[in-house]
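Let me begin by presenting the structure, written as structure tokens, before commenting on it.
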There are 4 protein chains.
Amino acid sequence: MARKRVGNKREKIINAAAKFFGEKGYHNTTTSEIAEAAGVAAGTIYIYFTSKEELIVAVFEEFLGRHMERLQTGVESVDGPIARIRRLMTLGLELMESNPESAKIFLSQLRQSTTMIKTVAKRSSRAYNDIIESVLADGMAKGVFRQMDTTHVASMLFGAYQMTVLEWVASDCSYPLAEKAKELSDFVLVGLACETPKGDQ
Amino acid sequence: MARKRVGNKREKIINAAAKFFGEKGYHNTTTSEIAEAAGVAAGTIYIYFTSKEELIVAVFEEFLGRHMERLQTGVESVDGPIARIRRLMTLGLELMESNPESAKIFLSQLRQSTTMIKTVAKRSSRAYNDIIESVLADGMAKGVFRQMDTTHVASMLFGAYQMTVLEWVASDCSYPLAEKAKELSDFVLVGLACETPKGDQ
Amino acid sequence: MARKRVGNKREKIINAAAKFFGEKGYHNTTTSEIAEAAGVAAGTIYIYFTSKEELIVAVFEEFLGRHMERLQTGVESVDGPIARIRRLMTLGLELMESNPESAKIFLSQLRQSTTMIKTVAKRSSRAYNDIIESVLADGMAKGVFRQMDTTHVASMLFGAYQMTVLEWVASDCSYPLAEKAKELSDFVLVGLACETPKGDQ
Amino acid sequence: MARKRVGNKREKIINAAAKFFGEKGYHNTTTSEIAEAAGVAAGTIYIYFTSKEELIVAVFEEFLGRHMERLQTGVESVDGPIARIRRLMTLGLELMESNPESAKIFLSQLRQSTTMIKTVAKRSSRAYNDIIESVLADGMAKGVFRQMDTTHVASMLFGAYQMTVLEWVASDCSYPLAEKAKELSDFVLVGLACETPKGDQ
DNA sequence: AATGAATGAGTCTTCATTCAT
DNA sequence: AATGAATGAAGACTCATTCAT
């Protein structure tokens, strides 16, 4: 039965890498342990990826790319800016919950250093932000949301979302993440409503 | 009048380390370059710190500890939950702006991996969160803020704050961070006000 | 009329190997690139040769063997030791010129290290030397050449020949090698003439 | 008595490297074995040399530079082109004989591949050639030597010299190299004398 | 306390070779 | 015979840490 089925090795390596990168970070993960966990020889990694760095890039593209697609689709499946923001938050949390591995990567690797990694991380988070921003702009145009700096607000909103996931991961995923969806949506939605803070002097 | 006090070297090492850790990350910084930048011998670092890891811990404690103190003082200098939230956000951004190095550490190192680092990072962000949370709890008790999961809301608020700083750092500090303070405060304050999102079905 | 004879692949591999070994040296050439250039799969090389080392041995045998044959024939086509030395030098340079690849191998690989290579290289250069030596011995017997240590003189002569080729290769074959033939022959021939150096004290 | 005397480590490394490079060639020598033979840790090599390549360059410079100096001095200590050629050949063989290690490097590494090595090797052999060439030019100017292409003749002469050494090394230094000096000098000197080959048709 | 040369374990990466198809 | 994906041993180089001075 020879040297295994063809085609699933790249996938196995990406999965193993995702697991370790998420858990221990890029620098604390050795290519050897990735290889071992993936059930391949050390050198095999270098058949599919030219370097360790290219591997983490692939991990990003794989996981976040997958998220983006589903978020985009999800958002378009409902109408109205408010519903869309709710959908975005809820779906985002669901995706994270169904794949804690990718959640960890999403959180921990987002801000590493080497240039290439940086680039991809930025691209990924920009993709997230873009989706949010377009919903905001739409809501603003329709008069549902107040006037705002959509870029800045989108990233604040993204920050609130991220921290929601981070708390959950830090708790070792000890509760259903979905239950935070309402609070998250409420929090961000009020901030977008057509009025200024009240009770303020 | 020897200007060099005792402790001078420890301080110099911490400053040099902060600079490099912020710029290039923990793993891409060597102890040798820290030593060189600090103007001490490679071995000297190990007189003040038992390991590289302890050094980054010290950097965290130093910088974030300093922040905490000033945030705490700043918050207590005004009255009322709403004003305090405003003060917190504004002062936080000011502190970051006046010390971009620490801003970078705050952002990029917060989510590394090795256990010890994790612990400290968590401790630091918890400190931040604690300040926020106590203001929230107070506001809730006084009926100024709506009922909420203060822990979760505090961290979302912290997330919005973080992303505001991140955007600024990513832009190479190309604009005055302070100008984002109002939008940030407004955003988080509405989310806390005593009402539910409107326009929602 | 299938143009591909059996043995075609072996030949292609040897040619590709010769090219790379000559250009980049044994150690800087990978079996994969040889395979690619030869238009065969990586594993195919190991059907024809048991190892990379055996491959370079084959390259030597192939090219230098070919030279030897032609040199031998060429030498025998003229009469008299002096004419033969001239023929040897001229023909040798012609062969090198018509095949710069083999010239490079001849020069650069002659003195590698691993035992087996050493052995073959020695064998090859010995073959060269043998031809020269036999002409020398003949000339000495016939009284045309002076008494000498034919082995030593043969190798000095070979050295002069080699350096003539090396200079040419080092110049990127920028001039016709043949034009050095007369000087080379003159140089070595005087050294063989029946007299002692004059003008010497 | 601590970590040995300072200053002799670089030398020890160079000596160990010279030994192995000469015996087994650059590519078949590992930095670890050099370190071990030099009695230092693997990493120590990289305190003194930035790379393995820089190490072999240093080996070249060290040994051949030393030769050049002594050859130059030796040549200048006698008068007249003929005597100088004799001196050059004799002294050269003596130097090789007194240091077989360097003889091996001189022979085996002279024609490796990587660019930097090539460069240095070329520089070294050029230095040798330059000394020879200047003596030839002088002799030609004084009418002691015939008209010739000094560059080409110098390198042929160098080739004869090299092969004399190579034969000796190949014989495992089994005889006194010095005894070949006369034959070598005679051979090259006749080739330089003011006449054309005789007995030629 | 301070130095900085030395250490050596640890890592990524290469590449000759194998073997199921 | 031919393929080429997979192997895994080996090697150059890095860098946190030590310790004699």
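In this text the structure is predicted, and so the values were computed from the model without any measurement. Here is how names work: the chains are called A, B, and so on, in the same order as the sequence lines, proteins then strands, and each is numbered from 1.
- C:T30 has no side-chain polar atom (N or O) that falls below the 4.0 Å cut-off from OP1 or OP2 of E:dC15.
- Summarising the geometry, the separation between CD on C:E53 and C1' on E:dC15 is reported as 15 Å, rounded to the nearest angstrom.
- As rounded to whole Å, 13 Å separates atom P of F:dA9 from atom CD of A:E36.
- Rounded to an integer number of Å, the gap from CZ of D:F49 to C1' of E:dA6 is 15 Å.
- Base pairing of E:dT14 is made with F:dA9, judged by Watson-Crick or G-U wobble geometry with both donor-acceptor distances under 3.5 Å.
- Relative to the six-membered ring of C:Y26, C:K52 meets both conditions, a distance below 6.0 Å and an angle of at most 45° to the axis.
- Residue-to-nucleotide proximity on DNA chain E shows that, of A:T44 and B:A41, the 5′-proximal contact is made by B:A41.
- For F:dA1, there is no paired nucleotide, since no Watson-Crick or G-U wobble pair has both relevant distances below 3.5 Å.
- In this structure the side chain of A:T44 reaches within 4.5 angstrom of the side chain of A:K9, judged on heavy atoms.
- Aromatic ring orientation, C:H27 versus D:H27: parallel (interplanar angle below 30°, classes split at 30° and 60°).
- For B:T31, whose side chain is taken as the heavy atoms from C-beta onward, the closest listed nucleotide among F:dA16, F:dA2, F:dA5 is F:dA16.
- Taking atom NE2 of C:H27 as the reference point, atom C1' of F:dG11 lies 14 Å away to the nearest angstrom.
- Distance, D:I45 CD1 to E:dA9 C1': 16 Å, rounded to whole Å.
- Whole-Å rounding puts the C:N28 CG to F:dG11 P distance at 16 Å.
- Along DNA chain E, the nucleotide nearest D:G43 and the nucleotide nearest A:T50 are compared for position; the residue whose nucleotide lies closer to the 5' end is D:G43.
- Listed pair C:Y48 / F:dA2 meets the phosphate criterion, a side-chain N or O lying under 4.0 Å from OP1 or OP2.
- We find that OH of A:Y46 is positioned 16 Å from P of F:dG8, with the value rounded to whole Å.
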From CA spacing to verdict: side chain to side chain contact (heavy atoms under 4.5 Å, CB included), A:F49, A:V57: CA-CA 10 Å; A:F49 308 93; A:V57 168; over 6 Å; no
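- In this structure, the CG atom of A:N8 is 14 Å from the P atom of F:dA5, given to the nearest Å.
- Residue order along DNA chain F, read from the 5' end via each residue's closest nucleotide, puts A:I47 first among A:I47 and B:K52.
- Rounding to the nearest 0.5 Å gives a distance of 12.5 Å between CD1 of A:I14 and CZ of A:F60.
- Distances were taken from every side-chain heavy atom of D:K9 (C-beta onward) to each of E:dA6, E:dG4, F:dT7; the shortest belongs to E:dA6.
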